[in-house]
K.L.:
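Following this message is one structure expressed as structure tokens.
What you see below is based on every heavy atom in this structure, not just the backbone, and it leaves out hydrogens, waters and symmetry mates. A quick note: this is a predicted structure, and the numbers were derived from the prediction, not measured. In each ligand, atom 1 is the first atom listed, and ligand 1 is the first ligand listed.
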Amino acid sequence: MKNVEHIGIAVEELEAAERLFSSLLNAQPYKRETVASEGVLTSFFQVNQTKIELLQSTDPEGVIARFIEKKGEGVHHVAFEVDDIVLEMERLKKEGFALLSETPKPGADNKLVCFLHPKTTNGMLIELCQEIKP
Ligand SMILES: CC[C@H](C(=O)O)C(=O)SCCNC(=O)CCNC(=O)[C@H](O)C(C)(C)COP(=O)(O)OP(=O)(O)OC[C@H]1O[C@@H](n2cnc3c(N)ncnc32)[C@H](O)[C@@H]1OP(=O)(O)O
Ligand SMILES: [Co+2]
């Protein structure tokens with residue numbers, strides 16, 4: 001595991017959340033990106049070596065909609081950067097963590113990603129991210 005790549009925050013209204021985080025961080029989001037497979041519209045802020053990823057649901061039955069329904073807006077996950085996501089997934093599986101997908105899947109911001117079930121990580125949804133090199 002390398003640095004915390006981003007902190008994912010579930011929000012109801014992306015525009016309002018972008019205004020709030022622009023004021024908080026004194027910065028503008030550097031990109032918005034829809035990840036249809038995850039039912040999310042994301043907005044990214046760079047904060048030195050890490051990022052804030054705002055997540056609005058694009059699917060009323062989706063993961064983020066269900067999360068907000070159950071727990072309200074707030075921190076949804078923490079993403080760690082890894083050099084080799086397949087190797088890291090194999091290591092974590094051996095360590096007894098529950099992977100939410102057998103193989104990495106395309107994420108936002110030019111990454112391959114996978115998630116660990118919060119039941120196996122003291123209740124914290126953890127994401128692994130590997131930069132997709134050109
Ligand atoms: C990939 C694009 C982008 C990127 O960075 O590139 C993203 O980050 S997209 C982010 C959205 N996508 C995901 O989060 C994918 C992985 N998540 C899942 O598959 C589900 O959210 C899952 C399996 C963690 C939970 O889904 P489920 O339908 O089972 O919801 P439940 O409400 O039944 O939850 C079961 C159990 O887990 C607890 N839970 C759910 N979400 C979280 C969370 N974010 N953090 C901590 N705990 C969570 C929930 O409270 C339930 O626990 P219980 O004790 O039974 O109440
Ligand atoms: Co994320």
K.L.:
Do you know which two heavy atoms are closest between I85 and C114, and how far apart they sit?
P.N.:
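Distance-wise, the nearest heavy atoms are CD1-N, 3.7 Å.
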
K.L.:
List the closest protein heavy-atom neighbour of atom 16 (C) of ligand 1: residue, atom name, distance to the nearest 0.1 Å.
P.N.:
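Going atom by atom, the protein heavy atom closest to atom 16 (C) of ligand 1 ends up being F115 CG, 3.6 Å.
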
K.L.:
Does an N or O anywhere in T42 fall below 3.5 Å from an N or O of ligand 1?
P.N.:
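For ligand 1, there is no N or O atom that lies under 3.5 Å from one belonging to T42.
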
K.L.:
Flag the pair R91 and E88 as a salt bridge only when some basic side-chain nitrogen lies within less than 4.0 angstrom of an acidic carboxylate oxygen.
P.N.:
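Yes, this pair counts.
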
K.L.:
Which heavy atom of T103 sits nearest to which heavy atom of M89, and what is that distance?
P.N.:
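Here T103 and M89 meet closest at C-CE, 3.8 Å.
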
K.L.:
Using a 4.0 Å cut-off to any heavy atom of H77, which atoms of ligand 1 qualify?
P.N.:
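Those qualifying, in numeric order: 8 (O), 10 (C).
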
K.L.:
Checking side-chain contact (heavy atoms from CB on, under 4.5 Å) for the pair V75/I7: CA distance, chi angles, key distance, verdict?
P.N.:
CA-CA 7 Å; V75 174; I7 296 171; 4.1 Å; yes

K.L.:
Heavy atoms only: give me the nearest V35-P106 pair and the separation to one decimal.
P.N.:
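Reported closest heavy-atom pair: CG1-O, 4.2 Å.
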
K.L.:
Geometry only, no angles: is A108 polar-contacting ligand 1 at N/O separations under 3.5 Å?
P.N.:
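Indeed, backbone or side chain, A108 has an N or O that close.
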
K.L.:
Considering G8, S57, P118 one by one, which has a heavy atom nearer to atom 38 (C) of ligand 1 than any of the others?
P.N.:
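It is P118 whose heavy atom sits nearest to atom 38 (C) of ligand 1.
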
K.L.:
Taking the Co ion (ligand 2) as the center, what protein N, O or S atoms are found at less than 2.8 Å?
P.N.:
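Near the Co ion (ligand 2), the protein supplies H6 NE2, E53 OE1, H77 NE2, E127 OE1.
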
K.L.:
Hey, is L125 touching ligand 1 through its side chain, its backbone, both or neither, going by heavy atoms under 4.0 Å?
P.N.:
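Both backbone and side chain of L125 come within 4.0 Å of ligand 1.
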
K.L.:
Could you please spell out the steps behind the side-chain contact (heavy atoms from CB on, under 4.5 Å) verdict for L25 and I52?
P.N.:
CA-CA 10 Å; L25 302 171; I52 294 290; 4.3 Å; yes

K.L.:
Which protein non-hydrogen atom lies closest to atom 25 (C) of ligand 1, naming both residue and atom, and how far is it?
P.N.:
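Closest protein heavy atom to atom 25 (C) of ligand 1: H117 NE2, 4.8 Å.
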
K.L.:
Is the CD atom of E13 crowded by more than 12 outside heavy atoms at less than 6.0 Å?
P.N.:
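No.
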
K.L.:
The test is side-chain contact (heavy atoms from CB on, under 4.5 Å); show your working for T58 and E38 and say whether it passes.
P.N.:
CA-CA 9 Å; T58 55; E38 293 295 329; over 6 Å; no

K.L.:
Given the protein's heavy atoms, is any one of them under 4.0 Å from atom 35 (C) of ligand 1?
P.N.:
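Protein heavy atoms within 4.0 Å of atom 35 (C) of ligand 1 - there are none.
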
K.L.:
Mark up the atoms of ligand 1 that fall under 4.0 Å of a heavy atom belonging to G107, in ascending order.
P.N.:
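Close to G107: 1 (C), 6 (O).
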
K.L.:
Tell me whether the rings of H77 and F115 are parallel (<30°), tilted (30 to 60°) or perpendicular (>60°).
P.N.:
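Judged by the thresholds at 30° and 60°, the geometry between H77 and F115 is perpendicular.
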
K.L.:
Could you tell me whether ligand 1 has any atom less than 4.0 Å away from a heavy atom of G123?
P.N.:
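Heavy atoms of G123 do come under 4.0 Å of ligand 1.
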
K.L.:
Under a 4.0 Å threshold between the charged nitrogen and the carboxylate oxygen, would K93 count as salt-bridged to E102?
P.N.:
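Looking at E102 and K93, the cut-off is met.
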
K.L.:
Which residue and atom name correspond to the protein heavy atom nearest atom 41 (N) of ligand 1, and how close is it?
P.N.:
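Looking only at protein heavy atoms, the one closest to atom 41 (N) of ligand 1 is F67 CD1, 3.9 Å.
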
K.L.:
Any idea which atoms of ligand 1 are less than 4.0 Å away from a heavy-atom of R66?
P.N.:
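So the answer, numbered in order with elements, is 26 (O), 27 (P), 28 (O).
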
K.L.:
Using a 4.0 Å cutoff against the non-hydrogen atoms of H6, which atoms of ligand 1 qualify?
P.N.:
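What qualifies from ligand 1 is 5 (O).
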
K.L.:
State whether K111 and E5 are salt-bridged, where the test is any N-O pair (Lys NZ or Arg NE/NH1/NH2 against Asp/Glu carboxylate O) under 4.0 Å.
P.N.:
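Salt bridge between K111 and E5, a charged N being under 4.0 Å from a carboxylate O: yes.
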
K.L.:
Do me a favour and list the nearest non-hydrogen protein atom to atom 21 (O) of ligand 1 with residue, atom name and distance?
P.N.:
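The answer is V63 CG1, 3.3 Å.
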
K.L.:
Nearest heavy atom to atom 3 (C) of ligand 1: which of E38, E33, E53 does it belong to?
P.N.:
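Closest candidate by heavy-atom distance is E53.
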
K.L.:
If we count only non-hydrogen protein atoms and require a distance under 4.0 Å, does atom 13 (C) of ligand 1 qualify as touching the protein?
P.N.:
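Under the 4.0 Å cut-off, atom 13 (C) of ligand 1 does have protein heavy-atom neighbours.
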
K.L.:
To check you understand the geometry: which heavy-atom pair defines the closest contact between A10 and F67, and what is its length?
P.N.:
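Heavy atoms of A10 and F67 come nearest at CB-CD2, 3.7 Å.
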
K.L.:
Looking at atom 5 (O) of ligand 1, is any protein heavy atom nearer than 4.0 Å to it?
P.N.:
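It does; a protein heavy atom is within 4.0 Å.
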
K.L.:
Output yes when the distance from some N or O of ligand 1 to some N or O of K105 is under 3.5 Å, and no in every other case.
P.N.:
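The answer is no, given that K105 and ligand 1 share no N or O pair closer than 3.5 Å.
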
K.L.:
Where the closest heavy atom to atom 32 (O) of ligand 1 is concerned, which of M124, K111, K70, H76 has it?
P.N.:
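The residue whose heavy atom sits nearest atom 32 (O) of ligand 1 is K70.
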
K.L.:
Measure from atom 18 (C) of ligand 1 to every heavy atom in L100, I64, L55 and give the option owning the shortest one.
P.N.:
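It is L100 that holds the nearest heavy atom.
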
K.L.:
Does a donor on one side chain and an acceptor on the other come within less than 3.5 Å for E53 and H76?
P.N.:
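Note: E53 and H76 side chains miss the donor-acceptor criterion.
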
K.L.:
Take L100 and L125, measure what side-chain contact (heavy atoms from CB on, under 4.5 Å) needs, and give me the verdict at the end.
P.N.:
CA-CA 10 Å; L100 288 169; L125 181 60; 4.1 Å; yes

K.L.:
Taking only heavy atoms of K119, which atoms of ligand 1 are found under 4.0 Å from at least one of them?
P.N.:
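Once the distances to K119 are compared, the set is 52 (O), 53 (P), 54 (O), 55 (O).
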
K.L.:
Can any side-chain N or O of R32 pair as donor or acceptor with the backbone N or O of F44 at less than 3.5 Å?
P.N.:
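Flag not set: sc R32 to bb F44 has no pair under 3.5 Å.
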
K.L.:
Knowing that exactly one of V11, I9, V40 qualifies, which makes a side chain to side chain contact (heavy atoms under 4.5 Å, CB included) with I64?
P.N.:
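Among V11, I9, V40, the one meeting side chain to side chain contact (heavy atoms under 4.5 Å, CB included) with I64 is V40.
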
